[in-house]
Enquirer: 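Handing you a structure now.
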Amino acid sequence: MSSGNDQQSEALSKPTFSEEQASALAESVFGLKVSKVQPLPSYDDQNFHVYVSKTKDGPTEYVLKISNTKASKNPDRIEVQNHIIMFLKAAGFPTSSVCRTKGDNTASLVSIDSGSEIKSYLVRLLTYLPGRPIAEIPISPQLLYEIGKLAAKLDKTLQKFHHPKLSSLHRKNFIWNLKNVPLLEKYLYVLGQNRNREIVEHVIHLFKEEVMTKLSHFRE
């Protein structure tokens, strides 16, 4: 999910697993007894909502995450992401739990014969976290306050997170990095010619003038 050619290549490397294949992965890699699998929204990876047969203990719903072939070549980044989830869980945040593979790892690299070539994908499993997307909830000043409070607590907590492979998260042209707001200019055409585009252009201009000139003074 970076930009330009990198973004296009990641889109081309997006997994295309069927529900049956996802179910087989959940069983073979994580040892689950799957009762139902449903696709979940995703961008350049692939996510599935996995239901398992009811047990006396343990969760009955999971999220199976299949990374695209490009991201799967950087297992360190996935490992760090998993450890961040576990760190936040231990700190009391309402996060999913990272599930172990049958080989006691936090992710597994699986290879699939696509017919023309062998493709490899990193697969991981998280417990399903029930809830409603913020877009479906009426916005109120109190809700915005709570979101800001949680974001601040998250930021403060993550300052204590350390991992020897933390640098794997740094991506120079990663389009979702707030330092890279100017990269959005190449996608302005999507908005057409309207008031929304004018607003976005103005925000990008202000970012260049007021933020980029002071970036060296900000904490990452």
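Sequential numbering from 1 along the given sequence is applied to the chain's residues.
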Enquirer: Check for a donor-acceptor pair, side chain of Asn82 on one end and backbone N or O of Thr106 on the other, with a separation under 3.5 Å.
Expert: yes

Enquirer: Among the clusters formed by ILVMFWY side chains lying less than 4.5 Å apart, do Val29 and Ile118 turn up in the same one?
Expert: no

Enquirer: Given Ser13 and Asp44, is the side-chain contact (heavy atoms from CB on, under 4.5 Å) satisfied, shown in steps?
Expert: CA-CA 8 Å; Ser13 67; Asp44 56 4; over 6 Å; no

Enquirer: Say whether Val34 and Tyr62 are linked into one hydrophobic cluster, either directly or through other cluster members, by side-chain heavy-atom distances under 4.5 angstrom.
Expert: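 They do share one cluster, since a chain of ILVMFWY contacts under 4.5 Å joins Val34 to Tyr62.
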
Enquirer: Working to the nearest 0.5 angstrom, can you tell me the gap between Lys149 NZ and Gln142 CD?
Expert: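 One finds 8.5 Å between NZ of Lys149 and CD of Gln142.
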
Enquirer: Would you find more than 12 non-hydrogen atoms of other residues, nucleotides or ligands less than 6.0 Å from Phe218 atom CZ?
Expert: yes

Enquirer: For Ser67 and Tyr121, which heavy atoms make the closest approach, and how far apart are they?
Expert: O-CD2, 3.2 Å

Enquirer: Measuring from atom CG of Leu122 to atom OG1 of Thr69, what distance do you get when rounded to the nearest 0.5 angstrom?
Expert: 11.0 Å

Enquirer: What closest approach, in Å, do Arg124 and Ala107 show between heavy atoms, and which atom pair accounts for it?
Expert: CB-CB, 4.3 Å

Enquirer: So with a 6.0 Å cut-off around NE2 of His170, is the heavy-atom count from everything else above 12?
Expert: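 More than 12 within 6.0 Å, yes.
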
Enquirer: Would you call Glu79 and Ser168 a side-chain contact if the rule is heavy atoms closer than 4.5 Å?
Expert: no

Enquirer: In Å and rounded to the nearest 0.5 Å, what is the CD1 to CG distance from Ile147 to Leu150?
Expert: 8.5 Å

Enquirer: Do Lys33 and Val52 come close enough that some side-chain heavy atom pair is under 4.5 Å?
Expert: no

Enquirer: Could you pull out all residues at least two apart from Glu117 that satisfy salt bridge (Lys or Arg N to Asp or Glu O under 4.0 Å)?
Expert: none

Enquirer: Should the heavy atoms of other residues, nucleotides or ligands under 6.0 Å from NZ of Lys214 be counted, would the total exceed 12?
Expert: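 More than 12 heavy atoms, drawn from other residues, nucleotides or ligands, come within 6.0 Å of this atom.
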
Enquirer: I want to check a possible cation-pi pair here: Lys153 against Phe93, using under 6.0 Å from ring centre and within 45° of the ring axis as the test.
Expert: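 Pair Lys153/Phe93 counts as cation-pi.
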
Enquirer: What is the distance from atom CG of Leu40 to atom NZ of Lys65, rounded to the nearest 0.5 Å?
Expert: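 Answer rounded to 0.5 Å: 8.5 Å.
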
Enquirer: Answer yes or no: is there a donor N or O on one side and an acceptor on the other, between the side chain of Asp45 and the main chain of Ser42, under 3.5 Å?
Expert: no

Enquirer: Looking only at heavy atoms, which two atoms of Asn173 and Asn180 are closest? And how far apart?
Expert: C-ND2, 3.8 Å

Enquirer: Can a side-chain donor-acceptor contact be found between Asn68 and Lys14 if the only test is distance below 3.5 angstrom?
Expert: no

Enquirer: Could you see if Leu183 belongs to whatever hydrophobic cluster contains Val203? Use Ile, Leu, Val, Met, Phe, Trp, Tyr and a side-chain cutoff under 4.5 Å.
Expert: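 Hydrophobic grouping puts Leu183 apart from Val203.
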
Enquirer: Over all heavy atoms of both residues, which pair between Phe161 and His83 is shortest? Give the atoms and the distance, please.
Expert: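 Taking every non-hydrogen atom into account, CE1-O, 3.7 Å.
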
Enquirer: Any link between Val123 and Ile112 through a network of hydrophobic side chains (Ile, Leu, Val, Met, Phe, Trp, Tyr) touching at under 4.5 Å?
Expert: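 In one cluster: yes.
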
Enquirer: So, do Leu64 and Phe17 sit near enough that their side-chain heavy atoms are less than 4.5 Å apart?
Expert: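 Side chain of Leu64 against side chain of Phe17, heavy atoms only: no contact under 4.5 Å found.
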
Enquirer: What distance separates Leu178 CG from Phe207 CZ, expressed to the nearest 0.5 Å?
Expert: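 Answer rounded to 0.5 Å: 7.0 Å.
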
Enquirer: Is any side-chain heavy atom of Val181 closer than 4.5 Å to one of Val211?
Expert: no

Enquirer: Go through it in stages, so that I can follow the logic: the residues are Leu169 and Leu166, the test is side-chain contact (heavy atoms from CB on, under 4.5 Å), and I'd like the CA-CA distance, side-chain angles, deciding distance and then a yes or no.
Expert: CA-CA 6 Å; Leu169 295 181; Leu166 190 60; 3.8 Å; yes

Enquirer: Is any side-chain heavy atom of Leu126 less than 4.5 Å from a side-chain heavy atom of Val98?
Expert: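 In contact.
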
Enquirer: Between Leu143 and Ile134, is there a side-chain heavy-atom distance shorter than 4.5 Å?
Expert: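 Ile134 reaches Leu143 side chain to side chain.
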
Enquirer: Write down the atom of Pro94, the atom of Leu129, and the distance for their closest heavy-atom approach.
Expert: O-CD2, 3.0 Å

Enquirer: Let me check something: do Ile84 and Ile78 share a hydrophobic cluster, defined by ILVMFWY side-chain heavy atoms less than 4.5 Å apart, either directly or through other members?
Expert: no

Enquirer: Just how far is it from atom CD of Gln46 to atom CD of Gln21, taken to the nearest 0.5 Å?
Expert: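 So the gap between those two atoms works out to 8.5 Å.
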
Enquirer: Kindly assign one of parallel, tilted or perpendicular to the pair Tyr128 and His49, based on the angle between their ring planes and the thresholds 30° and 60°.
Expert: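 Aromatic pair Tyr128/His49 classed parallel.
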
Enquirer: I'd like to check His202 versus Leu206 (side-chain heavy atoms, cut-off strictly below 4.5 Å). Are they in contact?
Expert: yes

Enquirer: Determine yes or no for a side-chain-to-main-chain donor-acceptor pair under 3.5 angstrom, with Ser96 supplying the side chain and Thr127 the backbone.
Expert: yes

Enquirer: With a 4.5 Å heavy-atom cut-off, do Val200 and Leu184 have their side chains touching?
Expert: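 No, every pair of side-chain atoms sits at 4.5 Å or beyond.
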
Enquirer: Mark yes or no for whether Ser23, through its side chain, and Glu19, through its backbone, hold a donor-acceptor pair below 3.5 Å.
Expert: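 Side chain of Ser23 to backbone of Glu19: no pair is present.
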
Enquirer: Looking only at atom types and distance, does a side-chain atom of Lys89 sit under 3.5 Å from a main-chain N or O of Thr95, one as donor and one as acceptor?
Expert: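 It does hold such a pair.
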
Enquirer: Of all heavy-atom pairs between Phe48 and Ser18, which one has the smallest distance, and what is that distance?
Expert: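 Reported closest heavy-atom pair: CZ-O, 4.0 Å.
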
Enquirer: Closer than 3.5 angstrom, by distance alone: can the side chain of Ser35 be matched with the main-chain N or O of Tyr51 as a donor-acceptor pair?
Expert: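 Between the backbone of Tyr51 and the side chain of Ser35 there is a qualifying donor-acceptor contact (under 3.5 Å).
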
